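As structure tokens, the structure follows; a few thoughts come after it.
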Number of protein chains: 4
Amino acid sequence: MQSRTSPTRAGRPRSAAADAAILAATRAALVELGWSKLTLGDVATRAGVAKTTLYRRWAGKNELVVDAVAELFDELRLPDRGSLAADIEGVVLQFAAILARPEAKSGLMAVVAESTRDEALRERIRASIVERQKRLVLEGRARAQARGELPLEEHPEEASRTADLIFDVVAGAVVHRTLFSAEPADEEWVRSFTRVLLTGLSSSTP
Amino acid sequence: MQSRTSPTRAGRPRSAAADAAILAATRAALVELGWSKLTLGDVATRAGVAKTTLYRRWAGKNELVVDAVAELFDELRLPDRGSLAADIEGVVLQFAAILARPEAKSGLMAVVAESTRDEALRERIRASIVERQKRLVLEGRARAQARGELPLEEHPEEASRTADLIFDVVAGAVVHRTLFSAEPADEEWVRSFTRVLLTGLSSSTP
Amino acid sequence: MQSRTSPTRAGRPRSAAADAAILAATRAALVELGWSKLTLGDVATRAGVAKTTLYRRWAGKNELVVDAVAELFDELRLPDRGSLAADIEGVVLQFAAILARPEAKSGLMAVVAESTRDEALRERIRASIVERQKRLVLEGRARAQARGELPLEEHPEEASRTADLIFDVVAGAVVHRTLFSAEPADEEWVRSFTRVLLTGLSSSTP
Amino acid sequence: MQSRTSPTRAGRPRSAAADAAILAATRAALVELGWSKLTLGDVATRAGVAKTTLYRRWAGKNELVVDAVAELFDELRLPDRGSLAADIEGVVLQFAAILARPEAKSGLMAVVAESTRDEALRERIRASIVERQKRLVLEGRARAQARGELPLEEHPEEASRTADLIFDVVAGAVVHRTLFSAEPADEEWVRSFTRVLLTGLSSSTP
DNA sequence: CCGTAACCGAGACGGTACGTCACGTCTTGAG
DNA sequence: CTCAAGACGTGACGTACCGTCTCGGTTACGG
């Protein structure tokens, strides 16, 4: 006969599941509490884990939140809608949808704020969020070039700089719209943005 | 006849000097400590003021930092450099210079992060930072229209939406470049950005 | 079979040394500062302990001071000096000596004052100070009855009421002499008091 | 030529009504809040008076409360009930009734506690409360001597010491019964106390 | 009957302590 | 060894009063 007090308490290796549980608990806490009221003690409780376990794996709140948020952006997919404009609209809408989620908004901006004073954190964000999603720009450009919508790049260095710039413009615009202007990046806005991005301000309005 | 709610309230009036000292101390603390390690007690000490004085005037850290940061952006001026492209480059460089300052970076992002869970704070940011600087877009466009570089708008509502969009694109791009990509928004970058903004991606690269 | 609410609770156990250090620090602070200027932060510092540790164990200043003061009265011993009068004089002098100590004066009166508005505190004082020392009256009476100096009680309830009354008279007189009249309860006063207690006012003065 | 330190000082005289209002407000606050939660700001508000007015007249909370409480004991009257025992019972019951009032309990004990560390306060209490009520002992003794219930004193110094002792015993017993034992000093208790006071413990119980 | 000096209310000020909370570390017992 | 539980020292929080200090305004004497 077994002890009543340990119905599911079967032995050792929880270690593997713990990481996922902690990151999920972190996102849940971000939704409910926001970054500044999120506490590691609370995350540990939600994840059914001791505080010490948590500190064994992450240096602190910032690192934990970066990892928890980074996973969110891996859902992004570049759709094939037949034209560059439509592809951009599609991916920007996806990005806007993710940024509209409270755990993304609150967590992302906070760690970026923290990263201004923490070189290691800045690098962690760049590597696991920014660089990781830059693939979308590269794929999109390649596809547009294949379609003949964009000219082929000649100098690879120049190509890289341009990709970075486009990423800054696209991601920056959505972030600013969503968080600073506090307006939804909805279909209408995305259409207008895409037109400006592709044709510029100088072109006469249709 | 005078207002019944007396023009000079009873009791000792609030020290005018204190406000300025507190905001300056807040910026100094942001530079040295960053947002998350900034404490109101420390700000009070730096300003030579009691903590209670600080709480009498601001609801908390967030509101204080918004006010302290908002003042930074009032330095922005739209230069008249003779062409729309040059004007944009000029103002974007100024904006980039301000955003490069540690008190702006750390403070601005953090309050935006907080604002995702605080409607009043979001409105405060919009009013005292975002809307306040939108004037630059409006002036710039008017000047470009006077020069014939941009067509006159026909529908005022459409004009307003476009101004908002341009502001999101410009400010967003600088913010993303500076904070997410963690690269300087230097003259070269600003030139590239301005070209994309004015002519779009579709135009063949020179 | 063991208790289900485990005999040794989980987690790090409370430091045994801390309790003693805190009570000693409390008495030291009472001596130096008195009750009203005693702060829990200061007690914690003196005891080499964090403020939170203190709050984990006591509900507040009052409860802490009661415990610190209660220990003082446990020194009281009923001497055997051969006669009821001599025994009373001996114990009253001891009691006066304790009450003359600043930590006792200041602390005891203050918590009694507080207890007028706090039922739980009143009960704590009664249990850990008043009832605890009533033993002296009971022992003294038993000894005097053994010597034939006092008649045996017949009704136990009456005996209890009388013991309470004697305790009120003895302790009250010393308290009043020491604190209200602010005069020392010295040997001469104790002798006079004992004579009145034993023979009453009506007896002609020798 | 007039005195330079004018007999009636120049300027607006202090409001006579304010003093009474403040003392009444102090007692009301003692009833509602007790000593430790009584604040001078609150007393000022209750009295319809500015805090500064209050500080102009009293040095602090302690002095104010002494004055407020002292007035309570001036109600005490020595009744003429025909015998020493009956007179004592009468006055002790009156004293017990006053001490049962929350403003007396809370305020009196607290200032006595404070007085253990403040010579001036100790003297103020002695003068305006203790000495002031000692008259009851003197009158009572004189009346009992006139009736032949007590012998005449021969040495005036001895007489004074005895009066002090009796006051300590009587007042102390009531205080201890009421506040330390936290039991009512009701008629039955007062009768028992009076019998012990007059005949002593050695006398066999009737 | 007018000046003036001390009073008054209101309330902001620099402080101190409060009691709470989260931090990140540590110490225990169980497995 | 790793884990959960939880106590620990530290330090900031936001609040409440302290006693002091301006303020503008109001008496009531005394010249």
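Everything quoted here is computed from the prediction, not taken from an experiment. Sequence lines set the chain letters: A, B, ... in the order given, protein chains first and strands last, and positions in each chain run from 1.
- The shortest non-hydrogen separation linking A:G34 to A:S106 is CA-OG, 3.5 Å.
- Taking atom CG on A:L54 and atom P on F:dA5, their separation rounds to 14 Å, with Å as the unit.
- When the P atom of E:dC18 is taken as reference, atom CH2 of C:W58 falls 15 Å away, rounded to whole Å.
- To the nearest angstrom, C1' of F:dC17 lies 17 Å from OH of B:Y55.
- Atom CG in C:N62 sits about 12 Å away from atom P in E:dC18, given to the nearest Å.
- Considering C:L64, C:I22, C:T45 as possible partners of C:L40, the one that fulfils the side-chain contact (heavy atoms from CB on, under 4.5 Å) test is C:L64.
- Separation of atoms CG (D:L30) and NZ (D:K105) is listed at 13.0 Å; rounding is to 0.5 Å.
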Exercise. How does protein contact run along nucleotides 8-15 of chain E, one letter per nucleotide 5' to 3', with B for base contact, S for sugar-phosphate only, - for none, heavy atoms under 4.0 Å?
Worked result: BBBBBBBB

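- Proximity of residues 109-125 of chain A to DNA chain F (heavy atom under 4.0 angstrom from any strand atom) is not detected for any residue.
- For the side-chain hydrogen bond (donor to acceptor under 3.5 Å, both in side chains) test, residues two or more places apart in sequence or in another chain that qualify with A:R122 are A:E119.
- Residues forming a salt bridge (charged side-chain N to carboxylate O under 4.0 Å, His left out) with D:R57 (at least two apart in sequence, or on another chain): D:D19.
- We find the CD-CG distance between B:E123 and B:D118 to be 11.0 Å, quoted to the nearest 0.5 Å.
- Counting to the nearest Å, the C1' atom of F:dA7 and the CD1 atom of C:I22 are 12 Å from each other.
- A heavy-atom distance below 4.0 Å to DNA chain F is reached by these residues of residues 26-40 of chain D, ordered by number: D:T39, D:L40.
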Problem set entry | Trace of the side chain to side chain contact (heavy atoms under 4.5 Å, CB included) decision for D:W58 with D:V66 | CA-CA 10 Å; D:W58 284 276; D:V66 171; over 6 Å; no

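- Taking D:R117 as the reference, nothing meets the salt bridge (charged side-chain N to carboxylate O under 4.0 Å, His left out) condition, with sequence neighbours excluded.
- When the nearest nucleotides of DNA chain E are assigned to A:K61 and C:D42 by heavy-atom distance, the more 5′-ward of the two goes with C:D42.
- Of the inter-residue distances, the one linking B:K61 atom NZ with B:T26 atom OG1 reads 11.0 Å to the nearest 0.5 angstrom.
- Residues D:A110 and C:A113 share a closest heavy-atom pair of N-CB, 3.5 Å.
- Atom CE of B:M109 sits about 9.5 Å away from atom OG of A:S115, to the nearest 0.5 Å.
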